[in-house]
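Have a look at the structure below before the remarks.
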Number of protein chains: 2
Amino acid sequence: MNKKCTTDPDRSYKQPEFDLDKYIPGHSVDCVIVGYENQQLKILLVKWKLGGPWALPGGFVGRDQDLEAAAHQVLEERTGLKSIFLQQFHTFGRSDRHSRFKEQMDQVKAISQQLGTMDLKFSKWASQRFISTGYFALTEIKKTCPKPDFLSEKCEWVSLEKLPELIFDHNKIVDKTLKHLRIQLNFLPIGISLMPHKFTMQDLQKLYEAILQRPLERSNFQRKILKLGMLHRNGKLLTGAANKAPYLYSFNLEKYNSMVENGIGFSYLGDKIL
Amino acid sequence: MNKKCTTDPDRSYKQPEFDLDKYIPGHSVDCVIVGYENQQLKILLVKWKLGGPWALPGGFVGRDQDLEAAAHQVLEERTGLKSIFLQQFHTFGRSDRHSRFKEQMDQVKAISQQLGTMDLKFSKWASQRFISTGYFALTEIKKTCPKPDFLSEKCEWVSLEKLPELIFDHNKIVDKTLKHLRIQLNFLPIGISLMPHKFTMQDLQKLYEAILQRPLERSNFQRKILKLGMLHRNGKLLTGAANKAPYLYSFNLEKYNSMVENGIGFSYLGDKIL
DNA sequence: CCAATAGTGTCTGTGAGACAGTATGCT
DNA sequence: AGCATACTGTCTCACAGACACTATTGG
């Protein structure tokens with residue numbers, strides 16, 4: 001797995017404390033947590049207990065909890081990380097977004113009946129109509145320490161290319177996120193959340209290529225990115241290979257922040273993304 | 001007022017039929033309905049009865065109603081129009097988004113107690129925490145026929161420049177919409193929803209200027225818009241003024257639709273909008 | 001003729017994309 | 001030296017913005 005996870009091992013929803021009355025009914029958050037590793041985009045998924053389906057990590061909203069805080073909580077509980085890049089992108093409100101998946105609904109009911117502390121009550125609560133607000137987050141995979149919640153037995157990074165079938169409309173939610181991400185690429189210096197502290201230009205380019213799903217021209221990419229002025233050139237990376245050593249770059253935080261403020265209009269819009 | 005309104009005069013929520021159990025609790029939709037008239041952007045507002053505040057037209061969500069359908073319903077009930085451009089843009093989920101406006105909350109409770117058919121029950125229901133999904137819509141003002149809902153005494157188009165103080169966080173919702181609209185201007189041929197069937201290039205430019213809140217260069221605007229190829233040139237408009245008659249344009253629907261599909265990357269991003 | 005506004009053409013600067021040329025690290 | 005990869009420079013094309021020029025309408 002992912003190095004050692006030294007964070008609090010007990011940060012998942014604790015079953016005996018799960019009290020329906022603490023949450024507002026009918027509204028949930030689902031998080032598409034995007035990471036990057038081995039030149040692949042991956043997202044964090046949970047797998048339900050008792051042979052249940054794969055799903056996006058999600059959570060309910062506390063009675064006095066801000067919607068965004070609920071998303072942050074999911075993020076923190078699943079990854080162990082605070083303060084990651086998090087952005088709301090869409091609210092999914094079709095009335096049949098759960099119920100039209102009949103077999104899955106039955107499965108969910110059965111599983112949640114066995115897992116919930118309140119048997120039927122929880123099962124009923126969990127199978128009501130839910131409106132769900134989708135958030136997307138960007139993290140460095142190496143820093144995370146995935147933990148399942150009380151409904152799931154696994155919580156893992158899965159490559160976007162091998163995405164399994166997800167519960168309900170979650171595959172569509174992922175699709176929508178990716179479109180959103182590609183557009184956001186034009187407005188946000190997204191790399192800072194997905195790259196390690198120091199990285200080569202090639203690393204960054206591979207990330208952009210993974211997001212845009214098309215190759216970019218090496219020299220033009222470099223010029224374009226450097227012109228934004230948010231990178232700082234550090235030393236060189238000597239790999240031992242028989243070639244010129246690439247520079248290592250890191251993000252200039254001040255510049256980065258002012259760009260998030262003001263927008264950058266960095267554009268790979270040219271070739272239709274939508 | 002706005003010509004004669006010949007649509008069904010009875011299309012507002014009917015008080016005696018308003019049954020709380022038909023709606024899901026805690027979630028509402030608010031619509032920022034944008035129109036354009038006399039070279040000004042305007043939005044449709046309602047004013048609560050009994051001296052209550054101005055507010056965005058909103059509505060509750062039926063138990064088996066899609067979220068988007070709820071927004072469409074609000075739109076149709078307030079404007080009399082079906083099938084207008086409608087797009088979800090953000091869900092507002094702060095837990096105190098109503099409650100931190102204490103005086104307003106009291107006012108709302110008092111008013112809804114007098115207006116609701118179920119007295120305290122409705123008042124309590126309406127003053128619970130609400131998460132609200134914001135939709136924005138574009139309409140031609142001349143086609144609309146504003147009607148108040150059962151909570152409001154007025155429903156009017158108000159110029160964005162003279163926007164009154166709105167209830168709760170509604171002013172912020174409007175601000176967010178405008179930013180969204182300016183960005184969308186780069187992706188959508190928005191004019192089609194706000195312009196009359198035939199219009200001059202100057203009309204269209206004025207609209208863009210109203211949205212972007214800055215002057216655009218005449219000749220460049222024309223070239224840029226025409227290059228998109230979604231306009232059809234019709235006849236000339238003879239005004240009787242001592243100058244060259246402008247052409248009248250209309251939207252080419254086929255082209256328009258394919259652009260909405262594929263995205264256009266029409267860009268006034270250059271000068272930071274965000 | 002002139003005044004006023006509509007529409008077209010041209011020049012400049014910027015930036016994207018293609019690709020050639022130079023630099024560097026290692027054998 | 002030679003290879004591989006990193007980096008830089010240059011060329012072309014497209015387009016935005018500025019502005020000059022032509023066209024049309026009516027006095």
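In the text below, chain A, chain B and the rest are named by the order of the sequence lines, each starting its count at 1.
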Holding to side-chain contact (heavy atoms from CB on, under 4.5 Å), I want the full list of residues that pass it with Gln40(B), two or more places apart in sequence or in another chain. Lys42(B), Ser159(B), Glu161(B)
Specify whether Phe251(A) and Phe199(A) have parallel, tilted or perpendicular ring planes, treating 30° as the upper limit for parallel and 60° as the lower limit for perpendicular. tilted
Salt bridge Lys142(A)-Glu37(A), side-chain N to carboxylate O under 4.0 Å: yes
Could you give the [atom1]-to-[atom2] distance, from [X] to [N], as a whole number of Å?
{"X": "Arg218(A)", "N": "dA16(C)", "atom1": "CZ", "atom2": "P", "result": "17 Å"}
{"X": "Asp203(B)", "N": "dA6(C)", "atom1": "CG", "atom2": "P", "result": "10 Å"}
{"X": "Gln205(A)", "N": "dA6(D)", "atom1": "CD", "atom2": "P", "result": "10 Å"}
{"X": "Leu226(A)", "N": "dG9(D)", "atom1": "CG", "atom2": "P", "result": "12 Å"}
{"X": "Leu204(B)", "N": "dA6(C)", "atom1": "CG", "atom2": "P", "result": "13 Å"}
{"X": "Arg233(A)", "N": "dC7(D)", "atom1": "CZ", "atom2": "C1'", "result": "8 Å"}
{"X": "Phe221(A)", "N": "dA6(D)", "atom1": "CZ", "atom2": "P", "result": "13 Å"}
{"X": "Leu216(B)", "N": "dG17(D)", "atom1": "CG", "atom2": "C1'", "result": "11 Å"}

Going by side chain to side chain donor-acceptor pair (under 3.5 Å), name the pairs with one or both residues in residues 241-252 of chain A, residues two or more places apart or in two chains. Arg233(A)-Tyr249(A), Asn234(A)-Ser250(A)
Table of protein N/O atoms under 3.5 Å from nucleotides 9-15 of chain C N/O atoms:
from    : atom 1 : to        : atom 2 : distance (Å)
dG15(C) : OP2    : Lys227(A) : NZ     : 3.0

Considering all heavy atoms of both residues, which atom of [X] and which atom of [Y] are nearest to each other, and what is their separation?
{"X": "Ala137(B)", "Y": "Leu86(B)", "value": "CB-CD1, 3.9 Å"}
{"X": "Leu56(B)", "Y": "Val46(B)", "value": "O-CG2, 4.2 Å"}
{"X": "Glu209(A)", "Y": "Leu216(A)", "value": "OE2-N, 2.8 Å"}

Duplex segments of DNA chain D, taken as runs of at least three Watson-Crick or G-U pairs that stay under 3.5 Å: C:1-27 with D:1-27
Distances under 3.5 Å between protein N/O atoms and the N/O atoms of nucleotides 23-27 of chain C, please, pair by pair.
from    : atom 1 : to        : atom 2 : distance (Å)
dT24(C) : O2     : Lys244(A) : N      : 3.0
dG25(C) : OP1    : Lys236(A) : NZ     : 2.8
dG25(C) : O4'    : Asn243(A) : O      : 2.8
dG25(C) : N2     : Ala242(A) : O      : 2.3
dG25(C) : N3     : Asn243(A) : N      : 3.3

Consider side-chain hydrogen bond (donor to acceptor under 3.5 Å, both in side chains). Of Arg218(B), Arg223(B), Gln222(B), which one does Asn220(B) pass it with? Arg223(B)
Check for me whether the distance between the ring centres of Phe89(A) and Tyr135(A) falls short of 6.0 Å. no
Can you tell me if the side-chain N/O atoms of Gln202(A) get under 4.0 Å from OP1 or OP2 in dT5(D)? no
With a 4.0 Å cutoff (strictly under), does any side-chain N or O of Gln222(B) reach OP1 or OP2 of dA6(C)? no
For Asp169(A), is there any backbone N or O sitting under 3.5 Å from a side-chain donor or acceptor partner on Arg97(A)? no
Sequence neighbours excluded, the answer for ring-ring contact (aromatic ring centres under 6.0 Å, His included) partners of Phe136(B) is Phe85(B), His180(B)
